> 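So that we are looking at the same thing, I have put the structure below in structure tokens.
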Amino acid sequence: MNGKDTTVRTRFAPSPTGYLHIGGLRTALYAYLFARKHGGKFILRIEDTDRTREVKGAVDIIISAMQKAGMDYDEGPIVGGDFGPYVQSERKEIYLKYAHELVARGGAYYCFCTKERLEELHANGATKYDKHCLNMSKKEIDERIARGEPYVIRQNIPEHGTSTYHDEVFGDITVDFKDLEDNILIKTDGMPTYNFANVIDDHLMGITHCIRGVEYLMSTPKYNLLYDAFGWERPVYVHLQPIMRDATHKLSKRDGDAGFEDFLRKGFLPHAIVNYIALLGWNPKDNREKLSMSELVELFSIDGLQKSSSIFDETKMRWLNSLYIKEMPQQEFHAAALPFYAEYGIDKCACDLEYLSELLQPRVEILSDIKEKAAFLTAFDTTAKTPFDLALFENKKWKTDAAMAKSIMDDCIEITKSATTDLGEKLNALAEAKGLKKGQVLWIYRIALTGAAATPGGGEEMVKLFGKPAALERLEKVKSAL
RNA sequence: GCCACUAUAGUCUAGCGGUUAGGACGUUGGCCUCUCACGCCGAAGACCCGGGUUCGAUUCCCGGUGGUGGUGCCA
């Protein structure tokens, strides 16, 4: 990039909110893919300069989510690295040092304005800070600091002129300085704001490509002013449009389940989620949609990034998830299904759970579909005289009804008793002997076994699922009910 | 309010001056089939509006409109 021989270094810099948002995960993913694609480093940095929003355990949540998503980072909390610490709250002195240097260079200044004065300013129609403290004498500054007056350090933005930079997805962006404010770099508590820490860290950590949300598109010239003031090289900028919940709302944790972990809990597979969000706002140049992490790494390119925002479509993610479920090894699917069986009380059903998994695997899109797909297990009330509504035997297409069921139930029971692997053949023979269609016998047989209009499999599968003794018990119940 | 970004079917997208506007999800018709699901074959469905530029605009320019973002001692 930039024609320079530099090793690519990208970072994901979340603030620890207590969960990993889907939008954040995608930003992380693109930064990760870009770094891996170019054989560079991917860094995790925690942006926790707002101490009032501290959430305990939040960093661990982010790290574990990234692990599950298959994104390993080269430097960051826990693993360390040559440019640490990687948690901003532990870098306070570093920011202060650079802030003072910036003041000395004229790029920033001390400001003692009170909240009251600032409010008055805005009440009088001002849209931005009036540089009131800009030309304060060194003497006065020292005195007021010595007196213990609270102060902040503000960036000194030129009053006139414009600034242009190149964004890899949006092209050249020009911003007029008059639309920018002398924002605060160091707060009264001595901590930096994002506006400052971000630049200092990106430079100190050698970040070459700054991949982040569009919310920073307009303020980037301010950051460039900082890079320039220190004589540092600016990074390459890549701004990303947000993921939306609908046309007018951003996907947000508050409005529902926008957390990565929430989707995991619903039975989405980590990689299906990653695969899906990779395609939200980016596309490889061919029509492939199901892509492994290594394929994503191989195909990722900034020019496939979308300039407009995209709406999150859980339905499509379900489809992608179903593709991954179908290709899981049977045992793996079974293991993944077990916790859901337990949650829905299915683990206590009198049936072969492993076989149930076999039947369910091609039929569920996400693991929590198991609840609905396994509901048929309780359709047959083994304790009632009439185990289910006998009207279920009626089928328009096959012209079956309870009377027909009654006429063959004895044979069904006999066949079930004697059959080994030839159950299907014997049922066919029964149909022939009775002058019925195969479908009629099979429909009646399956209904009699389950009491459910729809089941994940046919009559033969149901016998196997319940086991022969239980199946016979069911048929006997139906017989007496008829 | 001011500033910026953005705009192809319901959704995700391909397209980069001339195309029957391509693919996917979803929807839908059919086949397969003892039900469900899978699978297979079809169908419907889009270039925000108005001006330019051009022989010709979905594509380039301007304006409008819609949407989003920024305008925080949040990031």
Side-chain angles (χ1 to χ4, degrees), chain A residues 13-15 17 24 47-50 52-53 88 111 113 115 118 125 127-128 150-154 167 169-171 173-176 178-181 183-195 197-198 212-219 239 241-242 244 246-250 276 279-290 304 306-320 322 326 359-365 369 373 376 392 395 397-398 400 424 427 431 437-447 450 452-462:
Chain A
S15 61
T17 52
E47 309 221 324
D48 60 345
T49 54
D50 185 353
T52 65
R53 291 194 187 181
Q88 291 187 328
C111 171
C113 289
K115 194 171 187 177
L118 261 19
T127 55
K128 55 185 213 179
Y151 65 92
V152 298
I153 294 179
R154 308 187 88 112
D167 179 273
V169 358
F170 295 101
I173 300 292
T174 298
V175 176
D176 199 319
K178 71 175 163 36
D179 296 316
L180 265 23
E181 185 173 26
N183 41 258
I184 291 166
L185 266 19
I186 299 292
K187 304 183 266 191
T188 47
D189 67 357
M191 288 296 275
T193 57
Y194 171 88
N195 295 318
N198 137 290
R212 60 173 28 157
V214 263
E215 60 267 32
Y216 304 111
L217 192 70
M218 263 195 89
S219 45
H239 287 99
Q241 286 280 19
M244 310 290 284
D246 55 46
T248 57
H249 305 273
K250 236 159 110 167
Y276 176 68
L279 264 14
L280 264 189
W282 171 80
N283 73 86
K285 293 300 181 181
D286 58 27
N287 281 328
R288 277 191 290 170
E289 297 202 282
K290 182 166 174 292
Q306 197 76 5
K307 294 166 88 169
S308 54
S309 57
S310 42
I311 298 173
F312 186 82
D313 182 9
E314 191 170 326
T315 303
K316 183 152 185 178
M317 186 165 76
R318 287 179 66 102
W319 164 76
L320 209 42
S322 76
K326 285 188 190 83
L359 293 176
L360 257 23
Q361 185 170 356
R363 292 175 169 83
V364 300
E365 291 191 311
D369 284 347
K373 296 288 180 189
F376 78 99
L392 266 175
N395 179 295
K397 177 182 169 192
W398 296 104
T400 55
L427 288 169
K437 293 205 172 81
K438 248 170 60 179
Q440 295 179 305
V441 170
L442 291 170
W443 172 269
I444 288 170
Y445 190 63
R446 190 180 59 80
I447 294 296
T450 62
T455 57
E460 283 185 76
E461 284 82 11
M462 294 301 108

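Naming convention: chains lettered A, B, ... in sequence-line order (proteins, then strands); numbering from 1 in each chain. Remember, it's a predicted structure, so these values are computed and weren't measured experimentally.
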> With rounding to whole Å, what would you report as the distance between B:G66 and B:A75 at their C1' atoms?
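Roughly 28 Å separates the two C1' atoms.
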
> Does A:Lys316 have a side-chain nitrogen or oxygen under 4.0 Å from the phosphate oxygens OP1 or OP2 of B:U11?
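Result: no.
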
> Would you mind pulling out the nucleotide paired to B:U59, Watson-Crick or G-U wobble, both distances under 3.5 Å?
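Its partner is none (no Watson-Crick or G-U wobble pair with both distances under 3.5 Å).
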
> Would you mind pulling out the nucleotide paired to B:U19, Watson-Crick or G-U wobble, both distances under 3.5 Å?
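Partner of B:U19: none found under 3.5 Å.
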
> Can you tell me how far P in B:U6 sits from the matching atom in B:G64, rounded to whole Å?
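Those two atoms are separated by 16 Å.
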
> Give the nucleotide from the list B:C3, B:U33, B:A75 with an atom nearest to the side chain of A:Met218.
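Given the options B:C3, B:U33, B:A75, the side chain of A:Met218 is closest to B:C3.
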
> State the pairing partner of B:G67; accept Watson-Crick or G-U wobble contacts with both distances under 3.5 Å, and report none otherwise.
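Per the H-bond distance test, B:C5.
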
> Under 3.5 Å, is there an N or O donor on one side and an acceptor on the other linking the side chain of A:Thr455 and the base of B:U35?
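Under the 3.5 Å cut-off, the side chain and the base do form a donor-acceptor pair.
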
> Report the distance from atom CD1 of A:Ile173 to atom NE2 of A:His239, rounding to the nearest 0.5 Å.
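Rounded to the nearest 0.5 Å, the CD1-NE2 separation comes out at 8.5 Å.
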
> Check every strand shown and say whether A:Gly459 touches a base, only sugar-phosphate, or nothing at a heavy-atom separation below 4.0 Å.
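Contact class for A:Gly459: base.
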
> Both distances below 3.5 Å, Watson-Crick or wobble geometry, any strand: find the nucleotide opposite B:C36.
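No nucleotide pairs with B:C36.
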
> Do the ring planes of A:Tyr276 and A:Phe312 sit parallel (below 30°), tilted (30 to 60°) or perpendicular (above 60°)?
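Because their plane-to-plane angle is over 60°, the rings of A:Tyr276 and A:Phe312 count as perpendicular.
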
> Ignoring the backbone of A:Thr248, work out which of B:C3, B:U68, B:A24 is nearest its side chain.
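Of B:C3, B:U68, B:A24, B:U68 is nearest to the side chain of A:Thr248.
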
> Work out which heavy atom in A:Met191 is nearest to a heavy atom in A:Asp48; give both atom names and the distance.
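That closest heavy-atom pairing would be CE-O, 4.4 Å.
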
> Taking OP1 and OP2 of B:A14, is either one under 4.0 Å from a side-chain nitrogen or oxygen of A:Gln306?
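True: A:Gln306 side-chain N/O within range (under 4.0 Å) of B:A14 OP1/OP2.
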
> Using a cut-off of 4.0 Å on non-hydrogen atoms, how would the nucleic acid contact of A:Lys115 be classed: base, sugar-phosphate, or nothing?
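Contact class for A:Lys115: none.
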
> Looking across every strand, which nucleic acid part, if any, lies under 4.0 Å from A:Gly213 by heavy atom: base, sugar-phosphate, or nothing?
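Since no nucleic acid heavy atom lies under 4.0 Å of A:Gly213, the category is nothing.
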
> Between the protein and nucleotides 20-22 of chain B, list the N/O to N/O atom pairs that are separated by less than 3.5 angstrom.
none

> If you measure from the P atom in B:U59 to the same atom in B:G15, how many Å do you get, rounded?
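That atom pair is separated by 15 Å.
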
> Given B:G72, B:G26, B:A7, identify the nucleotide with an atom nearest to the side chain of A:Glu181.
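Comparing B:G72, B:G26, B:A7 against the side chain of A:Glu181, the answer is B:G72.
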
> Can you see which heavy atom on A:Leu359 is nearest to which on A:Glu461, and at what distance?
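Nearest pair, atom of A:Leu359 first, then A:Glu461: CD2-CG, 3.8 Å.
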
> Tell me if the side-chain of A:Thr188 makes a donor-acceptor pair with the base of B:C73, cut-off 3.5 Å, by modelled atom types.
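Checked by distance alone, the answer is yes.
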
> Which is true for A:Met244 with a 4.0 Å heavy-atom rule: it touches a base, it touches only sugar-phosphate, or it touches nothing?
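If one applies the 4.0 Å heavy-atom cut-off, A:Met244 turns out to touch the sugar-phosphate alone, with no base involved.
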
> Could you check how far CZ of A:Arg154 sits from C1' of B:C73, rounded to whole Å?
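Rounding to the nearest Å, CZ of A:Arg154 and C1' of B:C73 are 9 Å apart.
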
